[in-house]
2 protein chains.
Amino acid sequence: MSIGFMSTETIGEKLRHIREEKELPLRKVAALLDIDVAILSKMERGERRITKEVVLKLANIYDYNADDLLVSFLSDKILYEIQDEDLGIEALKVAEEKVKYIKANRKK
Amino acid sequence: MSIGFMSTETIGEKLRHIREEKELPLRKVAALLDIDVAILSKMERGERRITKEVVLKLANIYDYNADDLLVSFLSDKILYEIQDEDLGIEALKVAEEKVKYIKANRKK
DNA sequence: TCTAATTTTGACACATTATGTCAATAGGGT
DNA sequence: ACCCTATTGACATAATGTGTCAAAATTAGA
């Protein structure tokens, strides 16, 4: 595995990998985001929550596919809700049904 | 639809329907749960968060399938994270992959 | 309608958690 | 040693969640 990242990495790990690929120091990225270096460091290591806004800004800064990052971001949040739950998979499937139902009936 | 509940109802709505079927007043159920009536009322209407513990206790009180309630409870939490997100479905699928990966590698 | 039971609403104090800022510390490379 | 980078922890403050209570609204029954 030289290029590409594991699918099980967190959004934080993913963002760190991308930043390292670009060889950008936290200092510079944090400045572009207008946040403290400490916060960005903690976000990459999962110690602080990442917001959707930061994810989108980083997609711009890194010139990286925004949808890809957003999916990683959202799936992380989902995973957090069902971690260690035996019924996690079942809950995911029910949630998917609900989303589809809502989407199908939204336009009415 | 006379018997059975819609799959898109929230856990709160589901719990209310079950309670109404049993013709139990909030007052009695709240007493069994040892919580304030106001809180239970708000939980059923989605104004206050329901905890896993309350869900399990209610499964006992109502003699209702606990797994069914838990799945409804968890899928609600998942849905909350991806509501209004265009990439919700995609995120759900990625989350499912991650869960399966984690499960498969947990025993090592 | 009147009454009682049930439910809802809102306000409040309190606890818990999240967030931003900063400085000290640690680590790597030259 | 130095410099650059990253991490850690402490702190104050903000935001959010929780329990309690009483008043208001709703419902059901006589």
Side-chain angles (χ1 to χ4, degrees), chain A residues 5 9-58 61-62 64 69-70 72-85, chain B residues 5 9-58 61-62 64 69-70 72-85:
Chain A
F5 309 115
E9 68 186 353
T10 65
I11 177 66
E13 289 166 345
K14 189 166 198 164
L15 290 171
R16 167 149 296 190
H17 288 152
I18 295 171
R19 182 175 61 79
E20 287 170 342
E21 284 272 322
K22 304 271 180 181
E23 295 186 29
L24 287 168
L26 279 178
R27 178 180 54 80
K28 288 189 179 178
V29 178
L32 290 170
L33 289 172
D34 195 32
I35 65 174
D36 195 293
V37 183
I39 294 179
L40 185 56
S41 169
K42 287 169 183 169
M43 281 179 172
E44 286 186 347
R45 285 173 299 106
E47 216 174 298
R48 286 275 176 125
R49 288 191 182 171
I50 305 177
T51 65
K52 188 180 174 184
E53 290 67 35
V54 166
V55 171
L56 293 176
K57 283 183 185 175
L58 288 176
I61 292 171
Y62 298 148
Y64 199 94
L69 290 182
L70 277 179
S72 180
F73 168 69
L74 291 172
S75 66
D76 255 31
K77 299 210 296 178
I78 294 168
L79 216 58
Y80 179 79
E81 297 297 328
I82 60 173
Q83 61 187 177
D84 306 323
E85 291 287 348
Chain B
F5 309 114
E9 68 186 353
T10 64
I11 176 66
E13 290 166 345
K14 189 166 197 163
L15 291 172
R16 167 148 298 191
H17 288 152
I18 296 170
R19 181 175 61 80
E20 287 171 343
E21 285 272 322
K22 306 271 180 180
E23 294 185 32
L24 287 168
L26 280 179
R27 178 180 54 79
K28 287 189 180 178
V29 178
L32 290 171
L33 289 172
D34 194 33
I35 64 174
D36 195 292
V37 183
I39 293 180
L40 184 56
S41 168
K42 288 169 183 170
M43 283 178 171
E44 285 186 348
R45 286 172 300 107
E47 217 173 297
R48 288 273 175 127
R49 287 190 182 171
I50 305 177
T51 65
K52 187 180 175 183
E53 288 67 35
V54 167
V55 170
L56 293 177
K57 283 184 185 174
L58 288 175
I61 292 171
Y62 298 148
Y64 198 94
L69 291 182
L70 277 179
S72 179
F73 168 69
L74 291 173
S75 65
D76 255 30
K77 298 210 297 177
I78 293 168
L79 216 58
Y80 180 78
E81 296 296 327
I82 60 172
Q83 64 186 174
D84 306 323
E85 292 286 347

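In what follows, chains carry the letters A, B, and so on, assigned in the order in which the sequence lines appear, proteins first and then strands, with residues in each chain numbered from 1. Every value quoted in this text rests on a predicted model; they were computed, and no experiment measured them.
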- Message: Just to verify, which of B/R16, B/K14, B/H17 counts as forming a side-chain hydrogen bond (donor to acceptor under 3.5 Å, both in side chains) with B/E9?
- Response: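 When B/R16, B/K14, B/H17 are each tested with B/E9, the side-chain hydrogen bond (donor to acceptor under 3.5 Å, both in side chains) holds only for B/H17.
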Minimum heavy-atom distance [X]-[Y], with the two atoms named:
X: A/V37; Y: A/R27; answer: CG2-CA, 4.1 Å
X: B/L15; Y: B/Y62; answer: O-CE1, 4.1 Å
X: B/S72; Y: B/S75; answer: O-OG, 3.1 Å
X: B/I11; Y: B/L69; answer: CD1-O, 3.5 Å

- Task: Indicate for each nucleotide in nucleotides 6-22 of chain D, in 5' to 3' sequence, whether protein heavy atoms under 4.0 Å reach the base (B), only the sugar-phosphate (S), or nothing (-).
- Result: SSBB-------SBBBB-
- Item | End axis versus end axis in the helix from C/dT1-D/dA30 to C/dT30-D/dA1, the angle rounded to 10°, five pairs used at each terminus |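 Nearest ten degrees gives 40° for this helix.
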Which atoms of nucleotides 25-30 of chain C (N or O only) lie under 3.5 Å from a protein N or O atom, and what are those distances?
none

- Item | Counterpart residues, side chain to side chain contact (heavy atoms under 4.5 Å, CB included), relative to A/K77 (two or more places apart) |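 So A/K77 forms a side chain to side chain contact (heavy atoms under 4.5 Å, CB included) with A/F73, A/L74, B/E81.
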- Query: About how many Å separate CG of A/L33 and CG of A/L58, when rounded to the nearest 0.5 Å?
  - Reply: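 The CG atom of A/L33 is 4.5 Å from CG of A/L58, to the nearest 0.5 Å.
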- Separation between CG of B/L56 and OG1 of B/T51, rounded to the nearest 0.5 Å: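 Taking CG in B/L56 and OG1 in B/T51, the distance rounds to 8.5 Å.
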- Task: Pick out which of B/I50, B/L26, B/L32 makes a side chain to side chain contact (heavy atoms under 4.5 Å, CB included) with B/L40.
- Result: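 Answer to the side chain to side chain contact (heavy atoms under 4.5 Å, CB included) test with B/L40 among B/I50, B/L26, B/L32: B/L26.
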Show each protein N/O and nucleotides 26-30 of chain D N/O combination with a separation under 3.5 Å, one pair to a line.
none

- Test item: A/R48 side-chain N/O and A/I39 main-chain N/O as donor-acceptor pair under 3.5 Å: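 Not at all, since once roles are kept as given, no pair shorter than 3.5 Å links the two residues.
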- Partners passing salt bridge (charged side-chain N to carboxylate O under 4.0 Å, His left out) against B/K52 (at least two apart in sequence or in another chain):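 Residues passing salt bridge (charged side-chain N to carboxylate O under 4.0 Å, His left out) with B/K52: A/E85.
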- Are B/E13 and B/R45 within salt-bridge range, i.e. N to O under 4.0 Å?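 Judged by the 4.0 Å cut-off on N to carboxylate O distance, B/E13 and B/R45 do not form a salt bridge.
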- Task: Report the distance from atom CD1 of A/I50 to atom P of C/dG20, rounded to the nearest whole Å.
- Result: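 Atom CD1 in A/I50 sits about 13 Å away from atom P in C/dG20.
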